[in-house]
Protein chains: 2
Amino acid sequence: MSTVGKAVSLLDVLGSGGAEMALADIARAADFDKATTRRLLVALIDNGLVEQDGGTRLYRLGAGIARLALMREAHFPFLRTGAPVVERLAAATGETAHLSEHSRRGLVSVHVVESARANRIFVPLGEQLPLHATASGIAFLAFAEPRVRAAAMTGGFEIYTPHTIVDPASLASHVEDARRRGYSIGSQGFEEGVDSAAAPILNAAGLATGAIALAAPRSRVTRGDLDRYGMLVAAAGREIGERLYGGGATPQLKQA
Amino acid sequence: MSTVGKAVSLLDVLGSGGAEMALADIARAADFDKATTRRLLVALIDNGLVEQDGGTRLYRLGAGIARLALMREAHFPFLRTGAPVVERLAAATGETAHLSEHSRRGLVSVHVVESARANRIFVPLGEQLPLHATASGIAFLAFAEPRVRAAAMTGGFEIYTPHTIVDPASLASHVEDARRRGYSIGSQGFEEGVDSAAAPILNAAGLATGAIALAAPRSRVTRGDLDRYGMLVAAAGREIGERLYGGGATPQLKQA
DNA sequence: TCGCGTCGTTTCATTATTTTCAACGGCATT
DNA sequence: AATGCCGTTGAAAATAATGAAACGACGCGA
C-alpha cells in the first residue's frame with residue numbers, strides 16, 4: 001500500500017469515526033503502527049488536512065479538506081448545479097430528494113432535501129449508497145463505465161432487508177430495465193418501507209457520474225406515483241448532466 | 001519533503017490550475033519529476049482524490065475530496081452553522097458578507113453572500129485572504145494562536161494597493177485596536193475602493209478559527225456605518241462561535 | 001502516596017518505497 | 001518522413017517509512 005493510500009485511509013478513519021479521535025484509536029482503526037500513524041498524521045497536519053487540539057491532543061479533519069473541496073467545486077460545480085434541481089424536485093413532489101456522486105469509494109450522497117411531511121425519509125449527507133440495493137445505485141449501474149459495472153455486479157451483495165437483491169441475474173434484469181426506461185425503481189432494497197425512483201447523471205460520453213433520486217414511504221406511493229417520479233428524476237438528471245457537461249450528453253443506449 | 005506533502009501539493013496544483021490539467025503541466029507547476037508526478041497521481045486516483053479523463057488523459061480533483069469534506073462538515077458544521085448567519089448579515093445590511101476559515105494555508109473564504117445592489121463587492125469562494133491586508137485577517141490575528149500571529153506579523157507583507165499595511169508596527173496597532181473593540185475595520189488594504197468590517201470566530205479557548213466580514217464600496221459607507229457593521233459582525237461572529245464550540249467561548253482579553 | 005497501565009512521543013537500525021534518469025512508443029505538427 | 005512533446009515504464013540509486021523499544025507524562029485505583 002502506498003504512503004498516499006495510507007494517509008488517505010487515515011483521513012477516512014477520521015471522517016467515519018467520531019468528531020475527534022485519539023492517536024491510539026486511529027492507529028487501531030486503520031491497523032497501522034502507532035508511530036507510523038502519528039508520523040502520517042503530522043504530515044497531514046503540516047498540510048492542513050488534519051488538525052490537532054492543542055490541549056487534548058485529539059485529531060480531526062482539517063480545514064484544508066474544505067479548501068480543496070471548494071477549489072474542486074469551483075472547477076466542477078456538481079453541488080452548485082445539482083442542489084437547485086434537488087430542491088425543485090423535493091418541492092414539486094413533497095418527498096425527500098437526494099443527489100449522489102460516484103467516487104472510488106462508491107456512490108455518496110452529496111445533497112439532500114427532506115420532505116416537509118411528518119412521515120419522511122431521512123438520508124444522511126455523505127452516506128454510501130450500495131449499488132445493488134438502492135434505486136440510485138441501479139440507475140448508476142445502468143449507465144456506469146463497463147469496468148465499474150462489471151466489478152459491482154459480480155456478487156457478494158450485502159443484505160440489508162428481506163427485499164435486497166442478492167442474485168446477480170436479478171440485479172442484471174433490474175439494471176437492464178433502468179437502462180431501457182432511463183430511470184430505476186427501488187423497493188425496500190436498502191431499508192424496509194422505503195420506495196424510491198432514481199436516474200443517472202450522465203457525462204458527455206453518456207457515462208454515469210452520479211444519480212438523483214426521490215424517496216418516499218411505501219405506504220404513501222403507488223406504482224403509478226413511482227413511475228411519475230421516475231420521469232421527474234430522469235428529467236432532473238438530464239438537466240444536471242447537460243448543465244455540467246455542456247449539452248452534448250447522449251445516453252449510450254444499446255443500438256437504440 | 002514527505003510523500004504526503006508532495007501528494008497534497010499536487011492536489012493544490014490541481015485546485016489552483018485550470019479545471020483539468022495535463023501531466024506535464026502538473027509536474028512543471030509542482031516542480032517534480034514527470035515520473036514521480038505520475039506515480040503520485042495514480043496513487044491519488046486509486047484513492048478517489050483525483051480523477052483522470054479516460055480519453056484526454058487530463059487530471060482533475062476527484063469526488064473523494066467532496067466526500068471527505070462532507071464527512072468533516074458532518075462532525076464540524078462550520079459552513080452549515082455559519083452560512084445562515086452570513087445570509088442574515090447580508091440581508092440586514094444590503095452589503096456583501098463573507099465567512100472565512102483558517103487553515104494551514106491561510107484564511108480562506110468558505111461562504112459568500114453578495115449584495116443585491118448593482119455596485120457590489122465580489123469575493124470569490126475559496127479565495128485566500130492575506131492576514132495583513134484584509135479586515136478579516138486583522139480580526140483573525142487579533143485573537144489568533146500566538147505562534148500563528150507571530151509568524152504572520154513579522155513582515156514580508158505583500159503590497160496590494162497603496163493603502164496596504166506594510167509596516168509591522170502599524171499592523172500591530174491595527175491588531176491591537178481590533179482586539180480591544182472585538183472587530184476590525186479595513187480600508188482598501190486588499191483592493192482599492194473597498195472598505196470592510198470583520199470579527200473573529202472564537203473557539204472555546206478564545207482563539208480565532210475564522211472570521212466573518214462585511215464588505216462595501218467605499219463610496220457608500222461612512223466611518224459610522226463601518227462601526228455599526230463592526231458591531232453586527234462581532235455579534236455574528238460570537239453567535240457562530242457559540243453554536244460551534246458550545247457557549248463556553250470567552251475571548252482571551254488582556255487581564256480585562 | 002504509590003505503583004500500574006495507558007498514552008503520546010522520540011530514537012535508531014532496518015526495510016521498503018520512492019526517486020531519478022533513461023529509453024520507448026504513440027501522437028500531432030512540421 | 002522527421003521532429004518534438006507527451007505519457008508511460010524499467011532499474012539502480014537515494015531516500016523516506018517502518019516498527020520495536022524506551023521515555024516521560026498522565027490518570028486511575030489500590
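Protein chains get the first letters and strands the later ones, always in sequence-line order, with residue 1 at the start of each. Values reported hereafter were calculated over all heavy atoms of this structure, with side chains retained and with hydrogens, waters and symmetry mates removed.
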Can you give me the closest heavy-atom contact between P168(B) and T154(B), atom names plus distance?
CG-O, 4.4 Å

Does K34(B) get its side chain close enough to the base of dG7(D), under 3.5 Å, for a donor-acceptor pair?
yes

Which residues, if any, of residues 22-32 of chain B bring a heavy atom under 4.0 Å of DNA chain D?
A22(B), L23(B), A24(B), R28(B)

Step by step, work out the side-chain contact (heavy atoms from CB on, under 4.5 Å) result for K6(B) and T37(B).
CA-CA 9 Å; K6(B) 276 175 267 194; T37(B) 305; over 6 Å; no

Is it true that a side-chain atom of S184(B) and a backbone atom of A135(B) form a donor plus acceptor pair closer than 3.5 Å?
yes

Classify the angle between the aromatic ring planes of F76(A) and Y245(A) as parallel (below 30°), tilted (30 to 60°) or perpendicular (above 60°).
tilted

Does any non-hydrogen side-chain atom of V42(A) lie less than 4.5 Å from one of Q52(A)?
no

Would you say dC27(C) has OP1 or OP2 under 4.0 Å from some side-chain N or O of R57(B)?
no

Locate the shortest heavy-atom distance separating F143(A) from P200(A); write the atom from each residue and the value.
CD1-CG, 3.4 Å

How about I240(A) and L99(A): do any of their side-chain heavy atoms sit closer than 4.5 Å?
yes

Please report, rounded to the nearest Å, how far the C1' atom of dG8(C) is from the CD atom of Q52(A).
9 Å

Summarise how protein sits on nucleotides 10-19 of chain C as a single string, 5' to 3': B when a protein heavy atom is under 4.0 Å from the base, S for sugar-phosphate-only contact, - for no contact.
BBB----SSB

For E20(B), does the CD atom sit with more than 12 other heavy atoms under 6.0 Å from it, leaving out its own atoms?
yes

